[in-house]
Amino acid sequence: MSRSLRRGVLAATVLTLSIATLSACGAGNDAQTLQVKPDNAATSVGDIKIQNASVVTQPDPNAQGPAVVTATVFNNGSKDQTLESIKVNGTNKEAKLAPAKGSGPIVVPAGGSIVIGGKGNASAVLNSGRESVKNGDAQPVTFDFSDAGKVSLRAFVVPAKSYFKDFGPSEMPSPSGSARPSGSASPSGSPSGAATPSG
């Protein structure tokens, strides 16, 4: 057998063994890959499932102002459910809720979902965010629904930077000083002589 043929057989054998070993990771109901848990706040109670829950604070760590709660809420039931409140546990803070359009309660449609936070979505605003939560914490938050009742989970507290920039509070604190110039820039003099041809 030639040397190149032996190398080809050896490479094929190594490849076959590595594929067989790697495919064992995804086999059956007890596969190791099924044990991987997502790195975001998620829970479900009855027909309600909440994913990607976060509390987004002001981008500047020294700024005072509102924070917002963001999440995606799924309703797997056959009946609409109303989100009645979102409370930050351990504080007396409750978010002010508003639907994506119009006024009234936030309704999670049967068999559907809603996004809370971000432009064009429903909103949940905590008026004094910095006093309630601290960046880097996993803050216990309770969502209260009309049928499912209270659904609690730990939401990550993050500043409105990077990925969370578009989900942060829309009301940013305004600077204390004004940046308007105080003087006027209009000319004060007028030409004194006239330029007429002499010849």
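Predicted, not measured: the structure shown is a model, and the values here were computed from it. Hydrogens, waters and symmetry mates are skipped; everything else that's a heavy atom, side chains included, is used.
Residues passing the side-chain hydrogen bond (donor to acceptor under 3.5 Å, both in side chains) test with Lys96, sequence neighbours excluded: none. Residues forming a side-chain hydrogen bond (donor to acceptor under 3.5 Å, both in side chains) with Asn76 (at least two apart in sequence, or on another chain): none. Residues forming a side chain to side chain contact (heavy atoms under 4.5 Å, CB included) with Ala71 (at least two apart in sequence, or on another chain): Ile50, Ala53, Phe143.
Between Phe145 and Val108, some side-chain heavy-atom pair lies under the 4.5 Å cut-off.
Taking both residues in full, the closest heavy atoms of Leu97 and Leu83 are given as CD1-O, 3.7 Å, listed atom of the first, atom of the second, then distance. Taking all atoms of both residues into account, the shortest heavy-atom contact from Val141 to Ile86 is CG1-CG2, 3.5 Å. Closest of all the heavy-atom pairs between Ser123 and Ile106 is O-CD1, 3.9 Å. In plain terms, the two heavy atoms of Lys161 and Pro59 that are nearest each other are CE-O, 2.9 Å. The shortest non-hydrogen separation linking Lys93 to Leu126 is CB-CD2, 4.2 Å. Between Pro109 and Asp80, the closest heavy-atom pair is CA-OD1, 3.4 Å.
Val45 is connected to Leu153 through a chain of hydrophobic side-chain contacts under 4.5 Å among Ile, Leu, Val, Met, Phe, Trp and Tyr, so both are in one cluster.
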side-chain contact (heavy atoms from CB on, under 4.5 Å) evaluation trace for Thr70 with Ile116: CA-CA 5 Å; Thr70 66; Ile116 300 171; 5.7 Å; no

Verdict with reasoning, Val88 to Gln139, per side-chain contact (heavy atoms from CB on, under 4.5 Å): CA-CA 7 Å; Val88 178; Gln139 184 73 42; 3.5 Å; yes

